[in-house]
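Below is one structure, written out as structure tokens; the observations come after it.
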Amino acid sequence: MGRRKKDFNTSDGFEEWGGYKKAKVSKLDEQFKDESKIVKISDIFQGVAIMVNGITRPPADELKKLMAQHGGVYHMYQLSSTTHIICSNLPTVKIRNMGTKPVVKPAWITESISLGKIIDFRRYLLYTHQSISQPRLDFKVIDKPSTSMNQSTTNISPEKSTKICVESEVKSPKKIEVTSRSTKTASDPNFLEEFYNNSRLHLISTLGAEYKQLVCQIRDKHDGFFLGRKKLAATRGNTTNMQQENRETVIMHIDMDCFFVSVGLKSRPDLIGKPVAIAHARTARTANDNTENRSLEFAMYEERNGNIAAGASRVANLDGRASMSEIASCSYEARKCGVKNGMFLGRAAQLCPDLITLPYDFEGYKEVSNLLYQTIASYTVDIEAVSCDEMYVDCTEILRETGLSVSEWATHVRGEITAITGCPCSTGFGANRLQARLATRKAKPNGQFHLKADIVEDYMSDIPLSDLPGVGRATLAKLANLGLTTCGDVQISSLKCLQSELGAKVGETLVDQAKGIDKKPLNYYQERKSISAEINYGIRFKSLEEFWSFLQTLSHEVYNRLLDTGMRSRCLTLKLMVRAATAPVETAKFLGHGICDNLSKTTSSNQIIGSADVVFNEAKVLYEKLNAPFCDLRGVGIQLTKLEKPGNVDNALGKFLVKKSEEAGRKIRGKVR
DNA sequence: ATCCTCCCCTAC
DNA sequence: TAAGGTAGGGGAGGAT
């Protein structure tokens, strides 16, 4: 399986974020030029640079040759100069390519060559991005008798299609836009990669980890010179004029406003000010009616979560055709109607009939995140990355050196972030991370707020407990049972009582939080404690072999992630989601996990887990102990724990890992100079 | 007391 | 149709 986001993990520094090593690229280009000298036939693809995505007909090698023969360029990776993505099948299109480059079927190339001139690629679009004002080509699923089930005219072979399609396509491009119906489950060998390429949660998770790692690297190699800070100080002239507030520790919390939506609106400024949501589904109504399966599952869901109001309302009023695609992000206009992140699109559309959906743009999110982190890193490396769109920054030094007041600094840095990223953000300031975070909540959207020490106590008493980080729906329900809804309520209740209800630690933390106290300092270095990979979507095995095969893929995935971190592990946990005994076999949500029991089993030993095969075999053993029929599996995960740095070089793996981390270290140091 | 396993909860 | 991941904190209860 191809590794993902390698550009990030191996990045040597800011200057190359989001790009590829120039040396590598030019080598590829050169290789290509050599080949093109030999076989030049025409120049029809002058100015065209393609990147092939997935399996195509003709295959990538052939397309590479054709491009060479006809004046075009072939890119192994997608570069900024890539003009077209070539792809045969809709399922293999990677969403991350969709932001900017047209995804075109290979017939565009073969047929252009046949005609001896370049055809307008828009007739061969596999998929259109909303932001591009091109004629929209809709996929039509043709429900035909079974004879045509596997015939997909998307994959027209070049020799056949040339004569048949070119003319008719020009007049009626929709005719070739046909795919056969295919439901992709984890039984498909490509499922894992495809799923990850489309999973927002996977993206959020992996990006978060990558920014944490990157901030560490930047901090390690930094020489102490901050261009942004120096420039800012210079505009202020004499900086010895310190203000009172500049002597205390000031923590800043930065959070982009409805991040995914803001990135999406960059290419759709016409939608600014309208209710917008990011989701996979385009429409809030589905073609198929699933009323029967839904009514039972929703009833069970309410039964199970009856005491948690927020959970039950999640599926309230959803009929059999309401889309259960989840909203990843929604604009403030949509929130005014009650739309929330994570809500099903069908439900959101009930609340907000004018809701407009935009597709994901994973590549765009990365670009904006890179710019955000670069911007802040030009002022300080006292950064704790929280996620791709959120971080804590210790501003104490910046304020001292520049002589700015908190509000001046906030205005400046927010202006710069907005100018550079094209996206609005909010900042909150306080004496600790909790105060900074609560200040951001007040600041949003597109604002700034400083929660000053002298008002903290008063300020906190009105804050609803749901605003506290760490207090989710379960804790909230427990607190509500105690009659507590605000921080003020907690301030006057007994620690003992809270601890007996919530546990010793959580109770203690809550009492602190209610007073605005946060004892946790910013965390600049975080040691990994676990590595896991899990899939709880699309899990439908028809045979044990299918499950073994998937488990093996998952084992490789998680082991590769372990190698990436350079750590070793001695403990493995298999996590299963198993259809609850009374839950319907068909879930309310298409290929969702439905209502499940969660099971896990752990094995640990003094032996290092030394290969993906070991992972697989251990997981297999654990599965057999868990006694869950493969047909009832709805989710599978593998987690590795008891991680350690490979200090002991007593085996081949240890030597390999030490060598690997030394190489990584050299790369980083080599860049500093 | 402290650790281990099997959970649950939370956040992005 | 839809893409419900992943890491950390921590509690309950049993083993050491």
Side-chain angles (χ1 to χ4, degrees), chain A residues 91 95 141 181 183-186 191-209 211-212 255-256 259-260 279-283 285-290 308 314 320-326 328-329 341-342 344-346 360 385-391 437 468-478 499 502-509 520 523 526-539 558 561 571 573-575 577 586-594 596-604 626 634-635 637-643:
Chain A
I95 286 290
V141 176
R181 181 183 295 268
T183 52
K184 279 231 170 183
T185 68
F191 177 79
L192 192 84
E193 184 172 12
E194 193 183 316
F195 174 76
Y196 279 144
N197 282 333
N198 290 290
S199 162
R200 77 187 197 280
L201 291 173
H202 174 77
L203 182 91
I204 289 170
S205 208
T206 49
L207 274 191
Y211 283 105
K212 280 174 199 195
D255 197 349
M256 304 301 285
F259 183 52
F260 287 6
H280 277 298
R282 294 305 190 74
T283 59
R285 307 292 294 167
T286 65
N288 297 339
D289 191 323
N290 197 15
I308 302 171
R314 188 176 148 88
R321 284 187 51 219
S323 169
M324 290 185 75
S325 180
E326 279 177 36
S329 175
N341 291 351
F344 292 133
L345 182 59
Y360 287 89
V386 177
S387 72
C388 60
D389 76 325
E390 183 183 347
M391 68 182 96
R437 189 194 190 87
L468 295 178
V471 177
R473 60 172 196 167
T475 311
L476 217 51
K478 285 181 194 170
Q499 284 183 319
L502 307 171
K505 289 262 192 171
V506 179
E508 196 191 327
T509 310
K520 252 176 69 181
N523 191 359
Q526 175 111 345
E527 187 103 313
R528 258 313 178 77
K529 290 177 181 162
S530 73
I531 288 162
S532 69
E534 59 194 274
I535 308 269
N536 301 311
Y537 178 85
I539 303 292
V558 75
R561 291 186 197 175
C571 189
T573 302
L574 179 72
K575 297 163 76 172
M577 289 186 86
E586 295 299 329
T587 53
K589 184 182 200 149
F590 177 68
L591 293 182
H593 57 55
C596 286
D597 297 322
N598 297 314
L599 306 177
S600 77
K601 192 108 189 123
T602 302
T603 174
S604 77
L626 277 169
R634 294 292 180 267
I638 298 174
Q639 182 182 47
L640 303 177
T641 47
K642 288 188 183 158
L643 301 183

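Letters go in sequence order (proteins before strands), and every chain restarts at 1.
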Which residues share a side chain to side chain donor-acceptor pair (under 3.5 Å) with [X], sequence neighbours left out:
X        : value
A:Asp255 : none
A:Gln639 : none
A:Ser387 : A:Asp389

**Asked** Looking at five pairs on each end of the helix from B:dA1-C:dT16 to B:dC12-C:dG5, what is the angle between the two axes, given to 10 degrees?
**Response**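 Here the helix ends are tilted 10° relative to one another.
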Sequence-distant partners of [X], side chain to side chain contact (heavy atoms under 4.5 Å, CB included), two or more places apart:
X        : result
A:Leu502 : A:Thr475, A:Lys478, A:Leu479, A:Leu498, A:Val506, A:Leu510
A:Ser604 : A:Cys571, A:Lys642
A:Arg285 : A:Asp319, A:Arg321, A:Ala322
A:Lys601 : A:Leu622, A:Lys625, A:Leu626

**Request:** Assess whether atom CD of A:Glu508 is packed by more than 12 heavy atoms of other residues, nucleotides or ligands within 6.0 Å.
**Result:**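 Open: at most 12 neighbouring heavy atoms sit under 6.0 Å from CD of A:Glu508.
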**Request:** Apply ring pair (Phe, Tyr, Trp, His ring centres under 6.0 Å) to A:Phe195 and list each qualifying residue two or more places apart in sequence or on a separate chain.
**Result:**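 Ring pair (Phe, Tyr, Trp, His ring centres under 6.0 Å) list for A:Phe195, sorted by chain: A:Phe191, A:Tyr537.
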**Asked** Looking for any heavy atom pair under 4.0 Å, which part of the strands does A:Ala533 touch: base, sugar-phosphate only, or nothing?
**Response**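 Result for A:Ala533 = sugar-phosphate.
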If you compare every side-chain N and O of [X] against the phosphate oxygens of [N] (OP1, OP2), does one of them come in below 4.0 Å?
X        : N     : value
A:Tyr196 : C:dT6 : yes
A:Ser530 : C:dG8 : yes
A:Ser199 : C:dG5 : no
A:His202 : C:dT6 : yes

**Asked** How would nucleotides 10-16 of chain C be written as a contact map, 5' to 3', with B for base contact, S for sugar-phosphate-only contact and - for no contact, using protein heavy atoms under 4.0 Å?
**Response** SS-----
For nucleotides 10-12 of chain B, which of its nitrogen or oxygen atoms have a protein nitrogen or oxygen under 3.5 Å away, and what is each distance?
residue : atom : partner  : partner atom : Å
B:dT10  : OP1  : A:Gly472 : N            : 2.8
B:dT10  : OP1  : A:Gly472 : O            : 3.3
B:dT10  : OP1  : A:Thr475 : N            : 2.9
B:dT10  : OP1  : A:Thr475 : OG1          : 2.4
B:dT10  : OP2  : A:Arg473 : N            : 3.3
B:dT10  : OP2  : A:Ala474 : N            : 3.0
B:dT10  : O5'  : A:Gly472 : N            : 3.4
B:dT10  : O3'  : A:Gly470 : N            : 3.4
B:dA11  : OP1  : A:Gly470 : N            : 3.0
B:dA11  : O3'  : A:Arg437 : NH2          : 3.1
B:dC12  : OP1  : A:Arg437 : NH2          : 2.2
B:dC12  : O3'  : A:Ser387 : OG           : 2.8
B:dC12  : O3'  : A:Asp389 : OD1          : 3.3
B:dC12  : O3'  : A:Glu390 : OE1          : 3.2

So which protein nitrogen or oxygen atoms get under 3.5 Å of nucleotides 3-6 of chain B's nitrogens or oxygens?
residue : atom : partner  : partner atom : Å
B:dT5   : OP1  : A:Ser604 : OG           : 3.3
B:dC6   : OP1  : A:Lys601 : NZ           : 3.2
B:dC6   : OP2  : A:Thr602 : N            : 2.6
B:dC6   : OP2  : A:Thr602 : OG1          : 2.9

**Asked** Which comes earlier along DNA chain C counting from the 5' end, the contact point of A:Gln639 or that of A:Arg200, where each point is its nearest nucleotide?
**Response**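 First, find each residue's nearest nucleotide; the 5'-ward one identifies A:Arg200.
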